[in-house]
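Handing you this structure, nothing more for now.
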Amino acid sequence: MQEIIDSKAYFSRELLVWYDRSKRDLPWRRHRDPYYIWVSEIMLQQTRVDTVIPYFHRFIERFPSIADLAEAPEEDVLKCWEGLGYYSRARNLQTAAQQVMERHGGVVPNDKEAVSALKGVGPYTTGAILSIAYNQPEPAVDGNVMRVLSRYFLIEEDIMKARTRIMIEELAAGLIPQGRASDFNQALMELGALVCTPKSPSCLTCPVMEHCAARLEGVVDELPVKSKAKPPRPEYRFVALVEGSGRNEGRVLIRRRADKGLLARMWELPHMLANVSPLEGAGLLDAPAMDQLVGELAEVGIDVKPEGAYMDAEHTFSHIHWNLRVFRFGDVAERINNVAESGTGYEFGGDEATLGGREGDSGEYRWINQQDMASLAFPKVFLTILNRYFELN
DNA sequence: AAGACGGGGGT
DNA sequence: ACCCCAGTCTT
């Protein structure tokens with residue numbers, strides 16, 4: 001028993017010594033502004049530090065205060081998040097900024113109930129904000145912390161289980177040295193990121209290697225225990241690259257995705273799920289799906305003529321693997337800006353048309369050139385396709 | 001408890 | 001090719 005107590009005190013003490021000497025100079029560590037801490041923690045969810053840094057700089061420059069973020073057009077927030085992924089983080093962050101304006105006078109709250117009530121702020125981020133920004137002795141348990149502690153204390157429970165996270169939170173809370181919650185929690189994550197890494201950890205340079213149970217037992221590589229995620233299911237999709245004619249010469253047709261679900265409210269090229277039997281191999285030959293895609297465009301007033309395959313693209317989400325075959329289409333009879341049928345669900349205005357939501361999209365369409373992309377948020381795979389197209393044409 | 005939800009980097 | 005990442009929300 002005494003051994004465990006000593007081992008804990010040793011861990012906390014040596015970890016802080018190491019952190020004071022080795023901590024990285026990160027943008028959000030240069031201020032104690034709770035808003036900066038909050039933004040960085042949301043961006044860092046499931047995302048590496050190196051990826052986040054440029055996004056953090058742009059975001060803070062564009063939205064310097066909580067009030068700026070709360071009042072901004074959602075489109076601007078999404079555009080600032082473009083390429084970072086998990087876009088509900090961006091929309092939730094803006095919603096939470098509005099909550100902070102309304103409920104807390106524009107100041108990030110410093111009590112657990114109020115912080116965790118903010119949209120997009122779960123157990124980890126609550127602890128991170130309270131400890132890092134306000135130095136409160138709350139645990140902030142992320143993947144790094146679970147890995148470090150499961151090794152040091154030889155915890156063999158599956159870290160994917162909620163029960164395990166709660167147990168580790170209680171353990172982590174008991175390790176926080178008096179008055180050093182901010183540094184200690186960051187030190188724990190820093191160790192996981194720099195030394196106690198998932199693959200080939202640097203045990204020989206680890207500040208707490210002497211009492212690391214996994215190292216002493218020779219099972220560092222077996223921990224943490226983590227159940228495997230299911231592989232993403234494949235999907236085959238036809239994508240329409242519709243080239244405008246007449247007043248839309250040089251432009252391409254895009255649509256906006258639905259308010260909820262995958263890539264919510266982002267812009268994309270129109271596409272349609274194809275039914276491909278596994279026996280057909282790569283067979284992207286689903287004629288009915290192609291007809292559906294053409295039919296859907298006809299419904300928003302765009303008659304198109306296929307002009308052949310343009311390129312293939314792939315994109316992997318956590319749960320879906322997209323195989324995209326992009327086809328060029330000519331726009332043969334542009335009705336979209338010339339005809340307005342009232343009472344049919346269509347609304348026309350400028351270069352936009354709306355058809356009340358089919359599966360997956362908002363029914364909102366636009367013709368754009370490459371310059372227009374600067375203000376519209378696209379998922380990575382469509383950014384790649386569109387940029388390639390505009391560069392070559 | 002399980003699935004949805006992006007994208008990049010490391011091995 | 002597979003694993004992982006400074007997780008949260010919905011069902």
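Being a predicted model, the structure only gives us computed values, none of them experimental. No hydrogens, no waters, no symmetry mates; every other heavy atom, side chains included, goes into these values. Sequence lines set the chain letters: A, B, ... in the order given, protein chains first and strands last, and positions in each chain run from 1.
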Specify the residue among Ser200(A) and Lys380(A) whose closest nucleotide of DNA chain B lies further upstream toward the 5′ end.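 Whichever sits nearer the 5' end wins; that is Lys380(A).
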Looking across every strand, which nucleic acid part, if any, lies under 4.0 Å from Pro231(A) by heavy atom: base, sugar-phosphate, or nothing?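 Nothing, no heavy atom under 4.0 Å.
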Rounded to whole Å, how long is the line connecting atom CD1 of Ile320(A) with atom C1' of dG7(B)?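 About 14 Å, once rounded to whole Å.
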Tell me, for nucleotides 3-11 of chain C in 5' to 3' order, what letter each nucleotide earns: B for a base near a protein heavy atom under 4.0 Å, S for only sugar-phosphate near one, - for neither? SBBBBSSS-
Keeping Asp20(A) on the side-chain end and Val17(A) on the backbone end, is there a donor-acceptor pair under 3.5 Å?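 No, because the side chain of Asp20(A) does not come within donor-acceptor range (under 3.5 Å) of the backbone of Val17(A).
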P spacing across the pair dG8(B) / dC9(C), given as an integer number of angstrom: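 One P to the other, the span is 24 Å.
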Just so I know, are the side chains of Leu78(A) and Trp267(A) near enough to count as touching, which here means a heavy-atom distance under 4.5 Å?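 A side-chain contact under 4.5 Å is absent here.
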Spacing of Trp322(A) atom CH2 relative to dA4(B) atom P, expressed in whole Å: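 Rounding to the nearest Å, CH2 of Trp322(A) and P of dA4(B) are 14 Å apart.
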Could you check how far CG of Leu78(A) sits from P of dG7(B), rounded to whole Å?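 Leu78(A) atom CG is separated from dG7(B) atom P by 12 Å.
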Could you state the atom-to-atom distance from CG of Leu383(A) to P of dG7(B) in whole Å?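 Nearest whole value for this atom pair: 9 Å.
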Looking only at heavy atoms, the pair that brings Trp367(A) and Glu243(A) closest together is CZ3-C, 4.0 Å
Can you pull out every salt bridge (charged side-chain N to carboxylate O under 4.0 Å, His left out) where at least one residue sits in residues 59-73 of chain A? Sequence neighbours excluded, please. Arg62(A)-Asp76(A)
For DNA chain B, what are the stems built from at least three Watson-Crick or G-U pairs in a row, each pair having both distances below 3.5 Å?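 Stems found: B:1-5 with C:7-11, B:7-11 with C:1-5.
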What interatomic distance, in whole Å, is found between C1' of dC3(C) and the corresponding atom of dG6(B)?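 After rounding to an integer number of Å, I get 16 Å for this pair.
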Distance, P atom - from dA6(C) to dT11(B), rounded to whole angstrom: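 About 13 Å, rounded to a whole number of Å.
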I want to check one thing: is the phosphate of dG7(B), taken as OP1 and OP2, less than 4.0 Å away from some side-chain N or O of His315(A)?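 Yes, such a contact exists.
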Take the angle between the ring planes of Tyr152(A) and Tyr10(A) and call it parallel below 30°, perpendicular above 60°, tilted in between. parallel
Please report the closest heavy-atom contact between Asn185(A) and Glu138(A), naming both atoms and the distance.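 Smallest interatomic distance, heavy atoms only, reads ND2-O, 2.8 Å.
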His319(A) vs dG3(B): side-chain N/O to OP1/OP2 distance below 4.0 Å: no
Assign the ring pair His271(A) / Phe382(A) to parallel, tilted or perpendicular, where the plane angle (0 to 90°) is split at 30° and 60°. parallel
Using modelled atom types and a 3.5 Å cut-off, is there a donor and acceptor pairing between side-chain atoms of Ser150(A) and backbone atoms of Arg147(A)?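 It does hold such a pair.
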Go nucleotide by nucleotide along DNA chain B from the 5' end; which of Phe317(A) and Asp50(A) gets its closest nucleotide reached first?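 Its nucleotide being nearer the 5' end, the pick is Phe317(A).
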Qualifying residue for side chain to side chain contact (heavy atoms under 4.5 Å, CB included) with Tyr389(A), from Leu269(A), Val252(A), Thr384(A): Val252(A)
